[in-house]
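A short worksheet on the structure shown next.
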Amino acid sequence: MQGKPEVPVNCFFQGCYNPAYEAEIHKAKKKCHEYNKLCPTDYEEQKKILETLLGSMGKETIITPPFWCDYGYNITVGDFFYSNHNLVVNDGVAVKFGDNVFIGPNCCFTTAEHAIDPEMRKRGVEIAKPITVGNNVWIGAGSTILAGSEIGDNTVIGAGSVVTKPIPANVVAVGVPCRVMRSITEADKTSYPVYRPKED
């Protein structure tokens, strides 16, 4: 990333109103715009743009348009990655996806947090914290993964969840804020959970 401004991790920095960062964001937005104008099934042209936009990506990467990110080069994607429509990644610092990650529509991953103090926030002070998603993870529709979150291997994040802290491997986690509901077990190979309302 030589020549590119580096965003500091886990400490205050001047994120907004900063020409160096804004120039890099503008480059990524232009590439996203070109990507989103393509036919949704034009995988060859999509791949060409993603190869110039993302930091790295594995084989069989599918990101269904529209897709938006801030820098692009802070995003690394493993093999057999799939995201549905409207993926947003605010990648001020590293956002890492493992292999075999499925992401539902309308999901957001954001490394950015603005200052709590209003005077600092007006000056554009931010904090950036990395996000890590393990292998074989499924993230349900409409979920938001906040700065500093880590999601362990094989885990399922239920639709509409807001992940605010590390979620371990091999669990189903849901809610706002997202919490572990149960472990994934051998029973999940032969049956699918069915919602049954509690009887009065």
Side-chain angles (χ1 to χ4, degrees), residues 1-9 13 15-16 18-112 126 128-157 159 163:
M1 303 308 166
Q2 194 172 10
K4 296 182 174 73
E6 188 170 332
V7 174
V9 178
F13 71 103
C16 298
N18 186 317
Y21 297 140
E22 288 174 357
E24 293 300 304
I25 290 171
H26 290 167
K27 292 177 189 176
K29 297 301 183 192
K30 287 179 180 178
K31 290 181 180 181
C32 288
H33 180 63
E34 291 300 314
Y35 187 86
N36 294 331
K37 290 193 298 182
L38 294 172
C39 174
T41 57
D42 191 350
Y43 301 124
E44 286 303 314
E45 288 302 315
Q46 288 177 4
K47 182 180 178 183
K48 290 177 184 177
I49 293 176
L50 291 177
E51 285 175 342
T52 69
L53 177 61
L54 304 182
S56 67
M57 66 179 194
K59 59 186 177 183
E60 303 296 332
T61 295
I62 297 176
I63 300 178
T64 308
F67 163 59
W68 294 100
C69 63
D70 283 346
Y71 297 87
Y73 50 73
N74 290 321
I75 303 170
T76 59
V77 174
D79 294 336
F80 303 105
F81 176 90
Y82 174 81
S83 75
N84 214 314
H85 298 281
N86 297 319
L87 173 64
V88 175
V89 183
N90 299 130
D91 60 312
V93 291
V95 179
K96 298 179 181 180
F97 297 97
D99 297 335
N100 302 296
V101 172
F102 290 177
I103 299 176
N106 301 313
C107 288
C108 175
F109 296 75
T110 179
T111 65
E126 298 182 22
K129 302 174 185 177
I131 293 172
T132 303
V133 177
N135 299 317
N136 312 312
V137 171
W138 174 21
I139 296 176
S143 294
T144 300
I145 315 302
L146 296 181
S149 297
E150 297 179 13
I151 299 173
D153 292 348
N154 309 315
T155 282
V156 174
I157 304 297
V163 179

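Side-chain contact check for Glu60 and Tyr82: no donor-acceptor pair (N or O, by modelled atom type) lies under 3.5 Å.
Expressed to the nearest 0.5 Å, how far OG of Ser56 lies from OH of Tyr73 amounts to 14.5 Å. Within the model, atoms SG of Cys32 and NZ of Lys37 stand 12.5 Å from one another, a figure rounded to the nearest 0.5 Å. Of the inter-residue distances, the one linking Lys29 atom NZ with Lys31 atom NZ reads 13.5 Å to the nearest 0.5 angstrom. From Thr61, atom OG1 reaches atom CG of Leu54 across 7.5 Å, with rounding to the nearest 0.5 Å. Atom CE of Met57 and atom CD1 of Ile63 lie 8.0 Å apart (nearest 0.5 Å).
Judged purely by atom type and a 3.5 angstrom limit, Asp153 has no side-chain atom pairing as donor or acceptor with the backbone of Gly134. Thr110 places no side-chain N or O within 3.5 Å of a backbone atom of Asn90 that could act as its donor or acceptor partner. For Asp91 (side chain) and Tyr71 (main-chain N/O), a donor-acceptor pair under 3.5 Å exists by modelled atom type.
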Sequence neighbours left out, cut at 3.5 Å: what donor-acceptor pairs do the side chains of residues 96-105 make with other protein atoms?
| residue | atom | partner | partner atom | Å |
| --- | --- | --- | --- | --- |
| Asp99 | OD1 | Asp79 | N | 2.8 |
| Asn100 | ND2 | Asn136 | OD1 | 3.3 |

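Salt-bridge check for Glu51 with Lys48: failed, with every basic side-chain N at 4.0 Å or more from each acidic carboxylate O. In summary, Glu44 and Lys47 do not engage in a salt bridge, as defined by a charged side-chain N under 4.0 Å from a carboxylate O.
Environment of CH2 in Trp68: crowded, with over 12 heavy atoms of neighbouring residues, nucleotides or ligands closer than 6.0 Å.
With sequence neighbours excluded, the residues that form a side chain to side chain donor-acceptor pair (under 3.5 Å) with Lys129 are Glu113.
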